[in-house]
Amino acid sequence: MKIFSLCVLLTITITATAQEKIPLRLWYKTPSRNSWENALPIGNGRLGAMVYGNPEEEIIQLNEHTLWSGGPNRNDNPEALAMLPKIRQLVFDGRYKEAEELIGKAIITKNSHGQMFLPVGNFKLAFKGHERFTKYYRDLDIERAVAQVSYTVDDVNYKREMIASLSDSVIAVRLTASKPGKISFIANFSTPQPNASVITNTSHEIIVAGSTIDHEGVRGKIRFTSISRIKSEGGSVTVNDSAIIVNKANAVTIYISVATNFKSYQDISGNDQTLAKNKLDHAYSQSFDVLVKKHVAEYQKYFNRVTLDLGTTDIAKLPTDERLKNFRNSNDPHLAALYFQFGRYLLISSSQPGGQPANLQGIWNPSMRPPWDSKYTININAQMNYWPAEKTNLAELHEPFLKMVEDLSETGQETARGMYGARGWVAHHNTDIWRTTGAVDGALWGCWNGSAGWMSQHLWEHFLYSGSKKYLQSIYPILKGAALFYVDFLVKHPNHDWLVVNPGMSPENAPKAHEETSIAAGATMDNQIVFDILSTTIRAAEMLNTDRTFADTLLALRRKLAPMQIGQHGQLQEWLEDIDDPKDQHRHISHLYGLFPSNQISAYRTPQLHSAASTTLIHRGDVSTGWSMGWKVNWWARMLDGNHAYKLIQDQLTPVGTNPGGGGTYNNLFDAHPPFQIDGNFGCTSGIVEMLMQSSDGSLHLLPALPDKWPAGTISGLRARGGFEIVSMEWEAGKIAKVIIKARLGGNLRLRVPNAMKNDNGDLLKPSSGNNTNPFFYVDETPEPIISPKANIQLLKVKETFEYDITTSAGKVYTLLAK
Ligand code: FUC
């Protein structure tokens with residue numbers, strides 16, 4: 001009897017430890033000091049702030065989403081049109097160096113190479129004597145989107161809480177102490193903006209106002225105003241020329257607002273002063289507690305839609321920086337879940353409807369000369385930011401990006417016409433808040449013109465997830481414009497019967513055989529993107545029952561595109577010619593666009609291409625820049641190889657500086673290119689979904705790439721194409737125990753699972769047969785690849801799965817259990 005009770009007791013204790021809920025927090029035992037990459041990000045899509053948490057000097061580094069250098073401008077190069085035939089001929093003749101030179105003169109802009117996203121400045125609070133702190137703690141609670149700092153000085157416990165209010169458009173800071181009259185500090189504001197002034201007033205305000213800088217010949221036309229106002233409870237508040245001095249207060253609340261005159265890429269007629277004041281007054285009339293309550297409710301409306309539990313081990317009790325250091329060599333599945341949710345936190349904080357899309361740094365940049373201008377690189381990075389949006393149930397937050405695509409479809413028409421004599425619209429490899437669509441940086445990067453085709457897929461995906469025909473109707477002209485460009489721009493290759501993009505490129509990679517230039521005709525990624533935008537437009541026209549003749553034109557064009565090719569090493573060819581170097585480890589593996597985010601390469605439908613993609617991935621290696629590793633998590637998930645995908649998560653969740661020659665992660669869990677670039681965060685969040693659920697290959701596929709490290713877990717709230725929502729899914733020993741799926745739109749649910757399932761009433765499920773009748777799961781057939789006679793293709797072993805067809809009705813919920 002005694003032995004029995006001991007056993008019971010032991011079991012209970014072990015289970016209790018295992019199930020102890022570790023909150024989703026980034027927390028540390030040390031302040032950030034002067035390291036921006038240790039500070040913690042808060043944001044509401046309009047305002048971003050980095051909180052340093054230093055006891056003796058708090059720094060709140062501020063950003064506003066529309067504070068950019070320059071003003072409305074265009075950067076097309078009008079010389080392109082006349083030179084286009086010559087450039088094309090040089091490329092077809094293999095005279096790449098000469099082509100590159102001419103492109104540098106005639107296609108690359110002579111105006112702005114893109115404007116910069118800039119900081120407002122640093123709001124600082126100096127606390128005399130607080131360098132003698134003990135019991136230090138700071139965190140970012142991503143379940144509530146609140147940052148907190150606490151410590152003790154001379155037996156007084158001090159606390160700071162900070163939010164970037166999603167409901168009230170201000171940054172709010174609350175200072176409290178365990179004893180009355182103990183809060184004394186000096187507040188000031190320093191701005192790196194040369195055309196701004198800082199003043200204080202007797203309303204206990206610090207006002208920063210000015211205009212942004214000129215850059216690359218474009219006049220700085222953004223005007224901005226920031227007002228920080230201090231509300232003190234007890235004590236005294238005095239003001240001098242540059243600072244506000246609070247003495248012996250019981251508690252203090254600080255409200256910070258920022259506004260600019262930016263209304264749209266072509267309208268800067270807003271009144272920054274009035275806007276900043278109105279926002280501030282509105283927030284100031286509310287207590288900090290009320291603001292927090294409203295903010296948390298608004299935040300959780302998004303955040304709580306998805307939960308992920310991959311299990312918890314004891315290491316999860318350590319501070320975040322220590323967990324990061326240990327991740328590679330420990331078993332910390334909770335950190336992977338935290339990192340996944342941090343990606344969602346970052347999207348909620350940096351991308352809100354009506355605002356600007358998350359840029360290379362989201363909404364967090366302290367520098368007047370940020371890396372790559374902290375703008376939008378649209379040959380991968382900006383798209384990657386939005387990969388998690390639909391599938392992690394944050395579809396509304398896709399809006400700023402989709403709106404940017406709409407803007408570009410307007411500005412890019414003039415670029416298409418003026419530079420290439422083509423209808424429709426085009427954009428090159430970068431854009432900025434002014435929605436410039438010219439070619440920048442230099443021929444090696446800037447001459448790539450595939451972003452319109454790629455970005456348009458985001459609009460299409462937004463439709464596939466929501467099923468709204470009204471939305472499809474509204475975006476059809478944008479899809480059509482991106483396709484129309486290719487109707488006019490594709491040219492016949494002199495040695496093949498194919499229509500190709502010329503000049504084009506496989507972004508940023510410059511093979512020896514092309515004289516170490518990146519210029520190409522018919523690069524695989526270009527072909528894949530054209531295939532997608534033509535297919536999407538054809539499909540959209542069909543679904544809207546419109547434009548049949550145009551769709552037929554596109555269909556005829558599509559037949560003339562070059563198919564994918566498998567080269568001599570068994571690799572997916574990056575270019576039209578079989579010139580890949582198996583030792584090439586370039587960070588861009590653009591031709592795998594066809595594997596992810598596109599679905600032209602599939603384990604089930606195109607096994608030879610799938611094998612070639614795997615060879616390419618192996619040649620290119622794992623460790624690379626942060627975003628490249630983030631993409632690789634998604635690719636390995638599409639290879640259905642969970643363990644390799646997990647290996648990439650390990651490589652990514654490695655402290656920056658530890659991966660020789662590659663990226664990693666900073667202590668604040670920001671992705672390191674290096675330097676900080678947010679795309680890797682979003683890419684990895686998307687990749688974790690792709691490991692647990694995919695819906696791009698004709699079915700809803702659950703646990704397609706589960707690593708051995710995550711044998712058991714639960715997830716709720718993911719969204720799939722066709723309006724299906726995983727209400728919850730539980731798996732054990734790598735098999736699905738139970739899944740509940742909501743069919744928002746109804747229709748056939750084709751389910752692919754690793755183990756046999758049954759209905760919760762015990763009924764057997766119908767095995768799948770024929771094509772999936774659900775229109776949102778329609779997949780265009782990938783043309784047969786051309787295979788080099790030298791290629792030795794080893795088809796990959798694909799794990800057995802079970803596939804069912806379940807007829808669903810709109811709004812109904814379906815529960816399935818392991819058989
Ligand atoms: C592309 C990449 C770089 C970097 C930059 C912002 O040019 O090749 O690695 O991510 O964008």
Side-chain angles (χ1 to χ4, degrees), residues 68 100 103-104 108-109 113-117 346 350 357-365 367 369-387 401 404 427-433 436 438-451 454-455 504-511 516-520 523 525-526 529 574 584-593 597 620-635 648 651-652 656 659 661-666 670-684 686:
W68 287 63
E100 182 184 52
I103 287 167
I108 299 303
T109 185
H113 287 256
Q115 297 298 314
M116 301 180 288
F117 174 59
L346 292 174
S350 63
N359 61 48
L360 282 170
Q361 299 188 184
I363 192 171
W364 298 281
N365 163 46
S367 169
R369 287 266 159 194
W372 292 286
D373 301 337
S374 195
K375 56 180 186 291
Y376 301 99
T377 308
I378 48 181
N379 66 10
I380 167 63
N381 316 85
Q383 288 91 330
M384 184 178 277
N385 286 0
Y386 286 87
W387 289 348
F401 182 83
M404 178 165 83
H428 294 84
H429 97 301
N430 269 203
T431 190
D432 57 13
I433 198 168
T436 49
V440 304
D441 288 355
L444 173 62
W445 306 272
C447 139
W448 185 72
N449 45 39
S451 56
W454 184 349
M455 286 189 296
M505 73 165 63
S506 192
E508 308 190 20
N509 201 2
E516 290 179 358
T517 77
S518 57
I519 312 305
M525 182 200 229
D526 280 337
I529 287 176
E574 184 162 357
D584 176 10
Q585 302 225 317
H586 201 279
R587 60 193 180 285
H588 288 262
I589 321 180
S590 304
H591 45 317
L592 292 188
Y593 162 89
R620 287 298 240 268
D622 292 340
V623 168
S624 189
T625 55
W627 64 260
S628 180
M629 294 193 284
W631 202 346
K632 285 170 187 166
V633 179
N634 293 271
W635 281 322
L648 261 306
D651 289 336
Q652 198 168 355
V656 62
N659 280 324
T665 299
Y666 294 102
F670 267 166
D671 170 67
H673 180 288
F676 163 53
Q677 209 170 279
I678 206 161
D679 39 21
N681 286 97
F682 293 129
C684 192
S686 159

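Just so you know, ligand 1 is whichever comes first in the structure, and atom 1 is the first atom listed for that ligand.
- Trp68 and Asp373 are not linked by any side-chain donor-acceptor pair at a separation below 3.5 angstrom, with hydrogens and angles left out of the test.
- Residues Trp627 and Phe676 place their aromatic rings such that the two centres sit no closer than 6.0 Å.
- The distance criterion of under 3.5 Å between nitrogen or oxygen atoms is met by Asn381 with respect to ligand 1.
- The single protein non-hydrogen atom nearest to atom 2 (C) of ligand 1 is His588 NE2, 3.4 Å, given as residue, atom name and distance.
- When only non-hydrogen protein atoms are considered, atom 7 (O) of ligand 1 lies nearest to Glu508 OE2, 2.7 Å.
- Residue contacts with ligand 1, taken as heavy atom pairs separated by less than 4.0 Å, involve Trp627 solely via side-chain atoms from C-beta onward.
- Counting heavy atoms closer than 4.0 Å to ligand 1, residue Thr625 contributes nothing at all.
- The distance between the ring centers of Trp387 and Phe682 does not fall below 6.0 angstrom.
- Centroid-to-centroid, the aromatic rings of His673 and Trp372 come within less than 6.0 Å.
- For the residues His673, His586, Lys375, the heavy atom positioned nearest atom 9 (O) of ligand 1 is part of His673.
- For ligand 1, the atoms lying closer than 4.0 Å to a non-hydrogen atom of Leu360 are 6 (C).
- With no hydrogens or angles considered, a side-chain donor-acceptor pair links Asn509 and Asp584 at under 3.5 Å.
- Between Asp679 and the choices Asn359, Asn381, Asn385, Thr377, the side-chain hydrogen bond (donor to acceptor under 3.5 Å, both in side chains) rule is met once, by Asn381.
- Heavy atoms of Ile380 found under 4.0 angstrom from ligand 1: none, in either backbone or side chain.
- Side-chain contact, Glu574 with Ser506: a donor N or O sits under 3.5 Å from an acceptor N or O.
- Under 4.0 angstrom from ligand 1, the non-hydrogen atoms of Gln677 all belong to its side chain.
- Considering both main-chain and side-chain atoms, Arg587 comes within under 3.5 Å of ligand 1 through a nitrogen or oxygen pair.
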